[in-house]
Amino acid sequence: MDSDLDVDGTTLFHRTMPFTERLGIEVLSHSAGLVRARIAHDPTLCTLGGTLHGGVLMALADSAAAVCAHLNLPEGAQGTTTIESRTSFLRAVRAGHATASARPLQAGRRVIVVETEIHDDEGRLAAKVTQSQAVR
């Protein structure tokens with residue numbers, strides 16, 4: 001792993017969501033205010049045009065948002081479940097990494113809303129995702 005990776009955060013992702021390990025998602029940082037994770041461009045995760053598949057970007061965003069919501073759980077809550085997710089795709093990711101930054105917009109007792117932006121290595125916005133997570 002790179003020295004700029006958050007090893008504890010990556011372990012948390014892979015332990016709680018094994019799918020993230022299969023995709024190769026790496027965590028850069030994780031806190032209640034911001035969760036940053038990335039996925040490397042890989043031909044096996046692309047459409048015919050060499051673009052990272054939209055489902056891969058959505059999985060990255062959903063994973064980062066889930067951890068962000070978990071880190072913002074009210075006292076006594078056990079976890080969260082995504083109940084709504086809206087994605088706007090703005091730019092293709094054809095090389096390098098797609099990096100997600102998830103921030104809580106509203107951390108309520110019953111619902112936590114998280115906004116996630118995905119950028120390419122040039123810092124260009126590739127997707128914007130807003131999710132609602134039900135608190136359990």
Side-chain angles (χ1 to χ4, degrees):
M1 280 193 179
D2 294 340
S3 62
D4 59 342
L5 295 183
D6 178 343
V7 175
D8 291 338
T10 300
T11 300
L12 172 67
F13 267 55
H14 294 175
R15 181 176 44 81
T16 59
M17 299 174 285
F19 179 60
T20 63
E21 185 172 16
R22 176 169 280 206
L23 287 177
I25 292 174
E26 302 170 316
V27 178
L28 302 172
S29 62
H30 73 291
S31 68
L34 174 65
V35 174
R36 293 185 66 240
R38 71 182 183 187
I39 190 165
H41 182 278
D42 182 302
T44 65
L45 301 175
C46 291
T47 62
L48 287 175
T51 299
L52 275 177
H53 191 285
V56 170
L57 296 179
M58 291 171 74
L60 173 64
D62 186 57
S63 300
V67 170
C68 184
H70 179 77
L71 294 172
N72 283 280
L73 284 172
E75 189 172 326
Q78 297 175 358
T80 67
T81 301
T82 304
I83 55 174
E84 181 181 42
S85 183
R86 181 184 184 286
T87 303
S88 295
F89 296 104
L90 305 167
R91 172 180 300 282
V93 178
R94 293 189 172 91
H97 292 88
T99 301
S101 299
R103 293 176 176 82
L105 289 180
Q106 174 68 32
R109 289 180 301 158
R110 294 188 178 145
V111 175
I112 297 172
V113 180
V114 179
E115 184 173 75
T116 304
E117 290 187 349
I118 299 176
H119 290 85
D120 64 13
D121 282 345
E122 309 305 317
R124 298 174 296 200
L125 185 62
K128 190 153 191 154
V129 182
T130 304
Q131 284 191 343
S132 298
Q133 301 260 344
V135 175
R136 303 185 266 115

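What you are looking at is a predicted structure, and each value in this text was computed from that prediction instead of being measured.
- The two residues Phe19 and Ala59 come nearest to each other via the heavy atoms CE2-CB, 3.7 Å.
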Verify side-chain contact (heavy atoms from CB on, under 4.5 Å) between Cys46 and Thr51, making sure each step is shown before the conclusion.
-> CA-CA 5 Å; Cys46 291; Thr51 299; 5.8 Å; no
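- Within the model, atoms CD1 of Ile118 and CG of Leu52 stand 9.5 Å from one another, a figure rounded to the nearest 0.5 Å.
- A distance of 5.0 Å separates CG of Leu34 from CZ of Arg103, quoted to the nearest 0.5 Å.
- With sequence neighbours left out, Arg36 forms a salt bridge (charged side-chain N to carboxylate O under 4.0 Å, His left out) with no residue at all.
- Leu60 contributes atom CG, which lies 6.0 Å from atom CD1 of Ile39 (distance to the nearest 0.5 angstrom).
- Under a 3.5 Å cut-off, the side chain of Asn72 and the backbone N or O of Pro104 do not form any donor-acceptor pair.
- Taking both residues in full, the closest heavy atoms of Ala66 and Thr80 are given as O-OG1, 4.3 Å, listed atom of the first, atom of the second, then distance.
- Under the 4.5 Å side-chain criterion, counting only non-hydrogen atoms from C-beta, Leu73 is in contact with Ile112.
- Within 6.0 Å of CZ in Arg136 there are more than 12 heavy atoms belonging to other residues, nucleotides or ligands.
- In the hydrophobic clustering of this structure, Val114 does not group with Val129; members are Ile, Leu, Val, Met, Phe, Trp, Tyr whose side-chain heavy atoms approach within less than 4.5 Å, directly or through other members.
- Both Leu57 and Phe13 belong to a common hydrophobic cluster when Ile, Leu, Val, Met, Phe, Trp and Tyr are linked at side-chain heavy-atom distances under 4.5 angstrom.
- Here Gln106 contributes atom CD and Ser132 contributes atom OG; the two are 10.5 Å apart, rounded to the nearest 0.5 Å.
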side-chain contact (heavy atoms from CB on, under 4.5 Å) between Val35 and His30, worked out | CA-CA 4 Å; Val35 174; His30 73 291; 4.3 Å; yes
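- For the side-chain hydrogen bond (donor to acceptor under 3.5 Å, both in side chains) test, residues two or more places apart in sequence or in another chain that qualify with Glu117 are Lys128.
- Note on Met58: it clusters hydrophobically with Val27, by side-chain heavy-atom contacts below 4.5 Å among ILVMFWY residues.
- Closest of all the heavy-atom pairs between Ser88 and Arg86 is OG-NH1, 2.7 Å.
- Contact check for His14 versus Thr20: side-chain heavy atoms found under the 4.5 Å cut-off.
- For the 3.5 Å distance criterion, the side chains of Asp62 and Ser85 fail to qualify, holding no donor opposite an acceptor.
- The number of heavy atoms from other shown groups lying within 6.0 Å of CZ (Arg124) is above 12.
- When all heavy atoms are compared, the tightest approach of Ala40 to Leu45 is O-CD1, 4.1 Å.
- Closest of all the heavy-atom pairs between Ser29 and Asp6 is CA-OD2, 3.5 Å.
- Using a cutoff of 4.0 Å between basic side-chain nitrogens and carboxylate oxygens, Arg38 and Glu26 are scored as salt-bridged.
- Val56 and Val67 fall within the same hydrophobic cluster, where Ile, Leu, Val, Met, Phe, Trp and Tyr residues are linked whenever their side-chain heavy atoms come under 4.5 Å apart, directly or through other members.
- With His97 contributing its side chain and Thr99 its backbone, the two residues share no donor-acceptor pair below 3.5 Å.
- Between the CG atom of Leu90 and the CG atom of Asp120 there is a distance of 11.0 Å, given to the nearest 0.5 Å.
- The two residues Gly96 and Asp121 make their nearest non-hydrogen contact at CA-OD2, 3.1 Å.
- No continuous path of hydrophobic side-chain contacts links Leu5 to Ile25 [ILVMFWY only; heavy atoms under 4.5 Å].
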